[in-house]
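All figures in this text were calculated on a predicted structure; none of them were measured in a lab. Each residue takes its place number in the sequence, starting with 1.
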Amino acid sequence: MNRLEKIINEVLSEEKEKRDRCLRIADRKFDKPSAYKSGAVVRCRKGGIWKDLKEEVPQSGESSGKPAQFKSGTKPEKIENLTLDQIIQQVKGIPYYKDVLDDMKNEDESWEVTKKVKEYAEYMKKNPSSLKNLPPIIVVDNKIQDGAHRISSIYLLQNLLDSKNDFWKKLKLKVEFWNSKNLENGDYTFLDEDESLHKWFKRQGTSGKEGGWVDCNTCRDGKCKACGRKKGEKRAKYPSCRPTAAQCKTPGKGKTWGKTKR
């Protein structure tokens with residue numbers, strides 16, 4: 001048995017016995033078992049990598065818009081623990097959770113939000129106990145203000161990634177309901193459900209059902225291929241993406257415009 005096989009066997013045997021911090025981080029970074037994953041786990045356990053990397057549930061940051069800041073000393077009007085179905089029924093303006101599900105069903109991960117929501121959902125599935133550390137969903141004047149990525153992730157688990165598991169339907173999330181009069185100032189934003197960035201992105205560019213932005217490096221006679229490449233598709237140059245073919249007429253200041261692959 002060579003050294004590499006020995007390392008892999010050691011890690012696999014340890015996986016059966018324990019799932020420590022290094023292995024949980026490796027699960028996030030590697031889609032499937034491999035020599036690279038096994039070697040990374042060994043290096044992590046020896047303190048060679050990922051020393052300062054946190055292993056808790058990834059957070060989306062500003063998911064629904066610019067975060068609201070509340071006046072010091074004020075409290076939410078009410079705090080409730082609700083299932084996802086209850087949240088969807090009670091709260092307005094929850095963006096993109098259906099769009100992400102549609103993307104995943106169509107095997108389309110070209111949108112960055114879809115990629116991020118999938119990442120959170122897969123982590124939640126592997127580490128359900130970490131859900132107790134999730135921050136609350138923030139609702140202002142009965143409209144979602146923060147928490148859209150978390151909602152989308154659980155919706156994805158319910159309907160696709162772990163649909164046979166009732167845990168996600170019964171799971172309750174902490175929701176804080178605020179009144180806008182308690183805002184520190186009016187400088188915050190919502191991402192409206194009916195006019196989400198995803199819908200705007202989809203209606204731009206290529207004609208027909210495909211939609212999406214266009215790759216300016218593929219334009220011929222005013223027609224361009226979609227920015228997102230299909231599985232297995234190769235192109236002579238890196239995609240240079242714009243919302244429409246008309247906007248490809250101005251190169252702009254991008255350094256990679258027309259750059260060929262190496």
Side-chain angles (χ1 to χ4, degrees), residues 24-34 37 56-65 82-89 91-128 130-131 134-135 137 144 146-173 191-206 208-215 225-235 239 241 243:
R24 288 191 290 270
I25 293 175
D27 284 341
R28 283 165 47 192
K29 291 184 170 292
F30 297 88
D31 294 332
K32 55 186 177 181
S34 67
K37 178 180 179 180
E56 52 264 15
V57 177
Q59 295 303 317
S60 61
E62 299 178 14
S63 57
S64 302
L82 303 174
T83 65
L84 186 58
D85 287 344
Q86 290 172 328
I87 293 173
I88 291 173
Q89 289 173 6
V91 180
K92 299 178 182 179
I94 303 175
Y96 54 70
Y97 66 99
K98 292 181 180 178
D99 297 314
V100 169
L101 179 61
D102 288 341
D103 278 354
M104 291 298 298
K105 286 182 176 179
N106 293 325
E107 298 182 351
D108 177 8
E109 296 180 33
S110 59
W111 192 33
E112 194 62 34
V113 170
T114 297
K115 291 180 183 177
K116 190 59 65 176
V117 169
K118 178 188 175 185
E119 177 190 345
Y120 299 157
E122 289 178 339
Y123 185 87
M124 290 176 182
K125 182 178 177 180
K126 291 178 181 178
N127 304 275
S130 63
L131 293 170
L134 284 177
I137 306 295
I144 188 75
D146 185 68
H149 275 64
R150 278 159 268 159
I151 290 172
S152 297
S153 299
I154 295 170
Y155 188 79
L156 186 59
L157 286 161
Q158 279 188 3
N159 292 279
L160 185 64
L161 297 185
D162 201 18
S163 57
K164 294 182 180 180
N165 189 347
D166 287 340
F167 172 81
W168 306 108
K169 294 180 180 179
K170 297 177 181 178
L171 175 68
K172 291 190 175 183
L173 301 174
L191 180 58
D192 189 76
E193 179 183 23
D194 296 327
E195 190 59 25
S196 69
L197 289 175
H198 188 258
K199 291 183 178 180
W200 181 85
F201 179 90
K202 284 293 186 181
R203 72 167 180 251
Q204 301 294 307
T206 56
K209 295 181 179 180
E210 191 171 19
W213 286 24
V214 299
D215 178 2
K225 291 183 178 180
C227 179
R229 288 171 287 184
K230 296 179 181 178
K231 187 175 182 180
E233 180 185 357
K234 295 182 179 179
R235 295 183 185 175
C241 302

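How far CG of Leu101 is from CG of Asn106: 9.5 Å, rounded to the nearest 0.5 Å. To the nearest 0.5 Å, the span separating OG1 on Thr114 from CG on Asp99 amounts to 8.0 Å. Separation of atoms OH (Tyr97) and CD1 (Ile154) is listed at 13.5 Å; rounding is to 0.5 Å. Expressed to the nearest 0.5 Å, how far CD1 of Ile151 lies from CD1 of Ile88 amounts to 7.0 Å.
Residues passing the side-chain contact (heavy atoms from CB on, under 4.5 Å) test with Thr83, sequence neighbours excluded: Asp85, Gln86, Lys172. Partners of Asn159 under the side-chain hydrogen bond (donor to acceptor under 3.5 Å, both in side chains) rule, at least two apart in sequence or in another chain, do not exist in this structure.
In this structure, Glu109 contributes its side chain and Lys115 its backbone to no donor-acceptor pair below 3.5 Å. Judged by distance alone, with hydrogens and angles left aside, the side-chain atoms of Lys125 form no donor-acceptor pair with the main-chain N or O of Asp162 at under 3.5 Å.
When every heavy atom of Pro135 is checked against every heavy atom of Arg150, the shortest pair comes out as O-NH1, 2.9 Å. When all heavy atoms of Leu161 and Ala121 are compared, the pair lying nearest together is CD1-CB, 3.8 Å. Residues Gln158 and Trp168 come closest through the heavy atom pair NE2-O, 2.9 Å. A pairwise comparison of heavy atoms in Lys118 and Leu156 identifies CA-CD2, 4.1 Å as the closest pair. Smallest separation of non-hydrogen atoms from Met104 and Leu160: CB-CD2, 3.5 Å. Heavy atoms only, all atoms of each residue included: Ser153 and Val117 are closest at OG-O, 3.4 Å.
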Do Leu134 and Leu173 pass the side-chain contact (heavy atoms from CB on, under 4.5 Å) test, and can you show the C-alpha distance, the side-chain angles, and the key distance before you say yes or no? CA-CA 8 Å; Leu134 284 177; Leu173 301 174; 4.1 Å; yes

